[in-house]
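Data block below; observations after.
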Amino acid sequence: MNRDRGNREFALLRWGLVPFWAKDAKLAFSTINARAEEAATKPAFREALKKRRCLVPAAAFYEWQRLDAKPKKSFAIALISGEPYAFAGLWESWRPKDGEPLETFTILTTEPNELMAPIHNRMPVILEPKDYDHWLDARDQARPPVDLLRPHPADRMRAWSVSDRVGNVRNNDPQLLEPTP
DNA sequence: CCAGACGTTGTT
DNA sequence: GTCTGG
DNA sequence: CCAGACGTTGTT
DNA sequence: GTCTGG
């Protein structure tokens with residue numbers, strides 16, 4: 001299902017990074033995100049950070065706000081422009097004992113910007129389109145462009161309340177994005 | 001030296 | 001595969 | 001991250 | 001309340 005568009009390759013990978021050295025795929029449940037500040041030193045991420053960076057397209061993401069043990073509030077977050085965007089990601093190809101290679105990815109996280117801070121203590125890294133090429137550039141493996149892994153400008157993002165239906169994995173429909181009072 | 005970990009807070 | 005802890 | 005399980009074979 | 005599974 002891979003196709004070429006210009007010099008970029010598009011593919012559908014499974015969310016939850018499984019390092020090439022893994023004995024099984026269990027680690028994927030805890031590698032859905034990678035902390036940008038530490039990925040360079042983490043065994044599970046450092047090789048991918050050097051050699052297997054990618055862009056993860058999205059239109060919005062969800063977060064849950066927890067106010068001291070009170071019920072969680074669900075939020076959706078997107079760009080004010082309404083445009084889709086790209087998370088900074090890493091990918092891997094893992095070969096099980098028997099079977100087809102499993103290709104997986106993770107999304108890098110960083111500290112929250114002013115918009116996200118009241119909602120959550122982390123946020124995914126959203127890259128600027130002008131930085132896509134720099135992020136994907138594989139020429140200098142010794143120095144991956146970690147300087148790009150910073151919070152996206154808050155004044156270009158918006159957050160709105162959504163139904164708590166989003167908290168149940170059985171629910172997955174466009175109505176989850178509709179604002180609630 | 002071997003055994004055990006390797007990771008983070010989400011929507012397939 | 002590589003590092004840490006014991 | 002959330003959802004779902006959580007346990008054993010008895011009569012206060 | 002806390003752990004496991006997804």
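Chain letters run A, B, ... following the sequence lines, proteins first and then strands; every chain starts at 1.
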Once you round it to whole Å, what is the distance between [atom2] of [N] and [atom1] of [X]?
X: Phe29(A); N: dA3(D); atom1: CZ; atom2: P; answer: 17 Å
X: Glu37(A); N: dT8(B); atom1: CD; atom2: C1'; answer: 12 Å
X: Arg95(A); N: dG1(C); atom1: CZ; atom2: C1'; answer: 17 Å
X: Glu38(A); N: dT8(B); atom1: CD; atom2: C1'; answer: 10 Å
X: Ile107(A); N: dG7(B); atom1: CD1; atom2: C1'; answer: 15 Å
X: Trp64(A); N: dT8(B); atom1: CH2; atom2: C1'; answer: 14 Å
X: Asp24(A); N: dG7(B); atom1: CG; atom2: P; answer: 15 Å
X: Leu90(A); N: dG7(B); atom1: CG; atom2: P; answer: 12 Å

Sugar-phosphate only, base, or nothing, as touched by Arg122(A) at under 4.0 Å among non-hydrogen atoms: sugar-phosphate
Sugar-phosphate only, base, or nothing, as touched by Thr106(A) at under 4.0 Å among non-hydrogen atoms: nothing
N or O in side chain of Lys42(A) less than 4.0 angstrom from dC6(B) OP1/OP2: no
Nearest to the side chain of [X], which nucleotide is it out of [options]?
X: Trp21(A); options: dC6(B), dT12(B), dT8(B); value: dC6(B)
X: Arg46(A); options: dT2(C), dT8(B), dC6(B); value: dT2(C)
X: Asn33(A); options: dG1(C), dT8(B), dG7(B); value: dT8(B)
X: Thr109(A); options: dG1(C), dT8(B), dT12(B); value: dT8(B)
X: Phe45(A); options: dC2(D), dC6(B), dT8(B); value: dT8(B)

Along DNA chain B (nearest heavy atom to each residue), the more 5'-positioned of Tyr62(A) and Ala22(A): Ala22(A)
5′-ward residue of the pair Lys23(A)/Arg165(A) relative to DNA chain B: Lys23(A)
Spatial distance of atom CZ (Arg53(A)) from atom CG (Asp137(A)) [nearest 0.5 Å]: 7.0 Å
Distance, nearest 0.5 Å, that separates OG1 of Thr104(A) from CZ of Arg14(A): 9.0 Å
Taking only the [atom1] atom of each, what is the distance from [N] to [M] in whole angstrom?
N: dC2(D); M: dT8(B); atom1: C1'; value: 14 Å
N: dC3(E); M: dG7(D); atom1: C1'; value: 15 Å
N: dG10(D); M: dA5(B); atom1: C1'; value: 44 Å

side-chain contact (heavy atoms from CB on, under 4.5 Å), paired with Met123(A), selected from Thr109(A), Thr110(A), Ile77(A): Thr110(A)
Partner nucleotide, any strand, of dT4(C) [Watson-Crick/G-U, under 3.5 Å]: dA3(B)
Complementary nucleotide of dT8(D), counting Watson-Crick and G-U pairs under 3.5 Å: none
Short side-chain to backbone donor-acceptor contact, Arg52(A) and Trp91(A), under 3.5 Å: yes
Donor-acceptor under 3.5 Å (Thr106(A) side chain, Leu17(A) main chain): no
Aromatic ring pairing Phe105(A)/Trp15(A), orientation class (parallel under 30°, perpendicular over 60°, tilted between): parallel
